[in-house]
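Presented below is the structure to which this report refers.
Keep in mind that the numbers below use all heavy atoms, side chains included, and drop hydrogens, waters and symmetry copies. We count ligands from 1, going down the list as the structure has it; atoms in each ligand are counted the same way.
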Amino acid sequence: MTVYAVVNTKGGVGKTTIAVHLATMLARAGQALLIDGDPQGSAASWAAWRRDGEFSPSPTTTVLLGKAVFNEGKALSQGFDNVVVDAGGRDNGGLRSALLLAQRAVIPVGASNLDAAAMTDLLTVVELAKDYNPDLDVRVLLNRVDPRTKDTAEMLEWLAEQNLAVMDARVCERVAFRRAIGEGATVQEINKKDQAAVSEIEALFKEITQ
Ligand SMILES: Nc1ncnc2c1ncn2[C@@H]1O[C@H](COP(=O)(O)OP(=O)(O)OP(=O)(O)O)[C@@H](O)[C@H]1O
Ligand SMILES: [Mg+2]
């Protein structure tokens with residue numbers, strides 16, 4: 001059983017988008033649990049829309065906050081092949097708990113100076129988590145990439161200076177991601193499929209699960 005935590009203290013970077021896609025792709029391979037660790041409950045809302053939309057398969061979704069992400073999460077995860085935690089930035093205890101529970105952490109980031117500046121707190125939490133969870137595999141995912149700008153190259157340079165592992169897979173800013181979430185779906189499942197979005201998310205899945 002592998003636990004994936006999708007984390008960032010910054011909002012709007014794509015934690016929920018990435019978490020629900022990962023969880024759904026894992027649900028195709030076995031029993032998958034999606035833990036919504038954000039008090040705002042966005043992943044849980046997606047799951048509710050998904051039930052209305054009759055998409056399948058679905059990850060089993062539950063909301064856990066603060067230390068319960070670790071305590072309850074550990075017990076609950078026993079019956080599953082894979083677990084994904086959407087660790088909301090609003091819940092600091094939840095973020096720390098997710099990093100204790102997980103074997104792999106994905107940090108979605110945008111490619112701007114603001115995104116870099118906002119990562120300082122997160123990096124402190126990640127370092128601390130590694131003291132208690134030394135095998136934690138932490139990787140940064142560039143999300144909402146705009147290929148027309150130089151921002152990505154600058155962000156990559158900055159991430160290299162921080163000694164952070166960056167995933168080869170990248171996800172661009174694409175309307176399909178927004179549409180999919182609003183329908184309780186994934187980019188693979190919506191009508192008028194955006195093949196570029198599908199390829200990006202599948203490359204991410206392959207890289208993070210191997
Ligand atoms: N690759 C993408 N392309 C286009 N839109 C995206 C992409 N990733 C995320 N978004 C959009 O950006 C917004 C924020 O994404 P999301 O809710 O996944 O981020 P989050 O980190 O979970 O935010 P929060 O901190 O509010 O929980 C949403 O409207 C989502 O649809
Ligand atoms: Mg979210």
* **Asn143, portion touching ligand 1 at heavy-atom distance under 4.0 Å** => side chain
* **Under-4.0 Å heavy-atom contact with ligand 1, by part of Val171 that carries it** => side chain
Return the residue, atom name and 0.1 Å-rounded distance of the protein heavy atom closest to [atom].
{"atom": "atom 6 (C) of ligand 1", "value": "Arg144 NE, 3.7 Å"}
{"atom": "atom 19 (O) of ligand 1", "value": "Gly14 N, 2.9 Å"}
{"atom": "atom 18 (O) of ligand 1", "value": "Thr17 OG1, 2.5 Å"}
{"atom": "atom 26 (O) of ligand 1", "value": "Arg90 NH2, 3.0 Å"}
{"atom": "atom 17 (O) of ligand 1", "value": "Thr16 CB, 4.1 Å"}
{"atom": "atom 4 (C) of ligand 1", "value": "Arg174 O, 3.0 Å"}
{"atom": "atom 2 (C) of ligand 1", "value": "Cys172 O, 3.6 Å"}
{"atom": "atom 31 (O) of ligand 1", "value": "Arg178 CG, 3.1 Å"}

* **Over all atoms of both residues, closest heavy-atom pair of Glu207 and Arg139** => O-NH1, 3.2 Å
* Shortest non-hydrogen contact from Leu101 toward Phe70 -> N-CD1, 3.7 Å
Looking only at distances, please establish whether an N/O atom of ligand 1 is found under 3.5 Å from an N/O atom of [X].
{"X": "Asp86", "answer": "no"}
{"X": "Phe177", "answer": "no"}
{"X": "Ser42", "answer": "no"}

* Quick one: does atom 28 (C) of ligand 1 have a protein heavy atom under 4.0 Å from it? ->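 For atom 28 (C) of ligand 1 the answer is no, since every protein heavy atom stays at 4.0 Å or beyond.
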Thinking salt bridges, do [X] and [Y] make one under a 4.0 Å N-O criterion?
{"X": "Glu183", "Y": "Arg178", "value": "no"}
{"X": "Glu189", "Y": "Arg50", "value": "yes"}
{"X": "Arg174", "Y": "Glu200", "value": "yes"}

* Taking the six-membered ring for Trp, are Phe205 and His21 ring centroids under 6.0 Å apart? -> no
* **Those atoms of ligand 1 less than 4.0 Å from some heavy atom in Asp38** =>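 Answer for ligand 1: 27 (O).
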* If you count the atoms of ligand 1 from 1 in the order shown, which ones are under 4.0 Å from a heavy atom of Gly11? -> 25 (O)
* Asked: With a cut-off of 2.8 Å, does Ser42 place any N/O/S atom under that distance from the Mg ion (ligand 2)?
  -> no
* To do: Decide whether the shortest distance between a heavy atom of Gly12 and an atom of ligand 1 is less than 4.0 Å.
  =>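 Yes, Gly12 has a heavy atom closer than 4.0 Å to ligand 1.
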* Asked: If you measure from each heavy atom of Ile181 to ligand 1, is any distance below 4.0 Å?
  -> no
* Asked: Do Asp121 and Thr9 get their side chains close enough for a donor-acceptor pair, meaning under 3.5 Å?
  ->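 There is no such pair between these side chains.
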* Going only through I, L, V, M, F, W and Y residues with side-chain contacts under 4.5 Å, is there a path from Val63 to Tyr4? -> no
* Asked: Honestly curious: do Phe177 and Ile208 fall in one hydrophobic cluster under the side-chain, below-4.5 Å linking rule?
  ->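 Linked, Phe177 and Ile208 end up in one cluster.
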* Asked: Can you check whether Lys10's main-chain N or O pairs, donor with acceptor, with Lys15's side chain at less than 3.5 Å?
  -> yes
* What's in the same ILVMFWY side-chain cluster as Leu114, cut-off under 4.5 Å, chained through other members? ->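 In the cluster with Leu114 there is nothing else; it is isolated.
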* **Verdict with supporting geometry, Leu156 and Val166, side chain to side chain contact (heavy atoms under 4.5 Å, CB included)** => CA-CA 8 Å; Leu156 284 171; Val166 181; 3.7 Å; yes
